[in-house]
There are 2 protein chains.
Amino acid sequence: MSQEEIEFLEGLQNNTVDVEPGVDFVVEGDDRKMTFILIDGWSIRYTTLRDGRRQILSYALPGDILGLHINFAAQATYSAAAMNALKLAVVDPRRILEINQKFPILASGLSWCTAREFAILGDQAVRLGRLPAKARLAHLLLELWHRLELIGHNDGKWLEMPMTQNDLADTLGLSLVHTNRSLAELRKSGLITVSKSHIKLENIADLVHLAEFNPDHLTEFSI
Amino acid sequence: MSQEEIEFLEGLQNNTVDVEPGVDFVVEGDDRKMTFILIDGWSIRYTTLRDGRRQILSYALPGDILGLHINFAAQATYSAAAMNALKLAVVDPRRILEINQKFPILASGLSWCTAREFAILGDQAVRLGRLPAKARLAHLLLELWHRLELIGHNDGKWLEMPMTQNDLADTLGLSLVHTNRSLAELRKSGLITVSKSHIKLENIADLVHLAEFNPDHLTEFSI
DNA sequence: CGAGGAGTTGAAGCAGGTCAAGCGCTGTGG
DNA sequence: CCACAGCGCTTGACCTGCTTCAACTCCTCG
């Protein structure tokens, strides 16, 4: 990366904002276009149905970008909310265009993000469409665990869990009650240990097998 | 668009290939990186589980691009197959990088494609996670109908259906039997009419209501 | 000390899955 | 030119994974 590119990238992160847990910072249908770089904390992208039911589409972890392509949409097609306390860099999406035109290395970085996000969302579709409840859970836990590993936020086999079981249910397309029971079964079969705000993955090989998890979908990306 | 850009875009489509119905032209795990522009025909992106069950992630229709970001993945994270007879333009993915560096208007077009593909895949996740069977079906039919409309492939309320009910089931995360029954129920309630290879959407307003379909997710994109 | 959010558990019902059989078309080879 | 194999579709019967409803516990915070 050139000196100029490094400076530009750092400049993007000048305008930061703190967001309280639970706050929606993007609302579906909103036409104020804004791109966010997640500096710290977890957030979700989700949509809401008429009766209030919710489908969480994906999790954004530190380093992830939200609204990378928002310039090409008239409105946001999803909402975004803070899972815990967030620090966001707020970026004018026109600067993303500028990156694509002027800074080839940074532009490649953005394409890398895009490719990975597609793979993650594809995995989410497989979970929702074809895995039974326990496998869905295991699959999501493994996804988050690997992603945290890649950004150095991983504390051994302990996985940070800032979300509630209700959030989990809305991610996995399950009811709260069944999510709770599936979690209990994974616990009883010794695959995980649950504490207040963390889950320990006791046997990663068995979880991978149960979930048919393919870590390549997260790791096999390069610039 | 500049003359140069138009010529470059046309040049991309010089190397075309015909693919027979049913043939896989991308296989998950393959590391031969190739980008395809769908000139004619329908294709699917899908993944396969251990026991052979399949989840179709998305449909590609004429004008769509497959593997736009493949340069940043070590291997394909999905397979792709022809639904009917395809004509594909085969593009070296390095030319995509070239577009991003040299042709800003074309590059914007690619970002537009990307943004739209994200919205479509997000809708697929909502279908799979939170809609009951009939609504899933209605939602998919409306998606395809609107997308065909946008590329001028729409014959009134008749929707081309090159896929089998098995393909539909694997798209919607349902069993073949239940897909068949849901289709029959939509037929009996007068919402659709089914012929050999087409479906007529008899009452689009009611289908939209049933599926909680939001056409903005397809149409509200601009460059 | 009381209210409200998060988690847990039981009981009952149902949407959707599985198994199985049969129909009708189409293509192919004797 | 007919026979039969195979695929796509349909329907019936039964089963189960998940949902829903409801109640209760625990914890936190005011």
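Model, not experiment: these values are computed from the prediction. Throughout, protein chains are lettered first and strands after them, A, B, ... in sequence-line order, and every chain is numbered starting at 1.
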Return the polar atom pairs (N/O with N/O) between nucleotides 15-18 of chain D and the protein under 3.5 Å, or none.
{"residue": "D:dC18", "atom": "OP1", "partner": "A:A133", "partner atom": "N", "Å": "3.1"}
{"residue": "D:dC18", "atom": "OP2", "partner": "A:H178", "partner atom": "NE2", "Å": "3.0"}
{"residue": "D:dC18", "atom": "O5'", "partner": "A:H178", "partner atom": "NE2", "Å": "3.3"}

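- Under the salt bridge (charged side-chain N to carboxylate O under 4.0 Å, His left out) criterion, the residue pairs touching residues 119-130 of chain A are A:R127-A:E143, A:R130-B:D170, with sequence neighbours excluded.
- The pair B:D92-B:K33 fails the salt-bridge criterion, with no side-chain N (NZ, NE, NH1 or NH2) lying under 4.0 Å from an Asp/Glu carboxylate O.
- The backbone N or O of B:T171 sits less than 3.5 Å from a side-chain atom of B:Q55, completing a donor-acceptor pair.
- For the atom pair CG (B:L88) and CD1 (B:I39), the distance works out to 8.0 Å, reported to the nearest 0.5 Å.
- Looking at B:D30, its side chain never comes within 3.5 Å of a backbone N or O of B:V27 through a donor-acceptor pair.
- The side chain to side chain donor-acceptor pair (under 3.5 Å) search around B:R50 returns none, not counting sequence neighbours.
- For the side-chain contact (heavy atoms from CB on, under 4.5 Å) with A:L137, the qualifying choice from A:L186, A:L131, A:L210 is A:L186, the only one to do so.
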In B/S/- notation (B base, S sugar-phosphate only, - none; protein heavy atoms under 4.0 Å), nucleotides 3-9 of chain C written 5' to 3' is ---SSBB
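- Rounded to an integer number of Å, the gap from CZ of B:R130 to C1' of C:dA15 is 15 Å.
- Comparing the axis of the opening five pairs of the helix from C:dC1-D:dG30 to C:dG30-D:dC1 with that of the closing five pairs yields an angle of 30°, rounded to 10°.
- The aromatic rings of A:F118 and B:F118 sit parallel to each other, their planes meeting at less than 30°, with 60° as the upper class boundary.
- The backbone N or O of A:E28 lies less than 3.5 Å from a partner atom in the side chain of A:S79, making a donor-acceptor pair.
- By the salt bridge (charged side-chain N to carboxylate O under 4.0 Å, His left out) test, B:D155 is found to be paired with no residue, residues two or more places apart in sequence or in another chain being considered.
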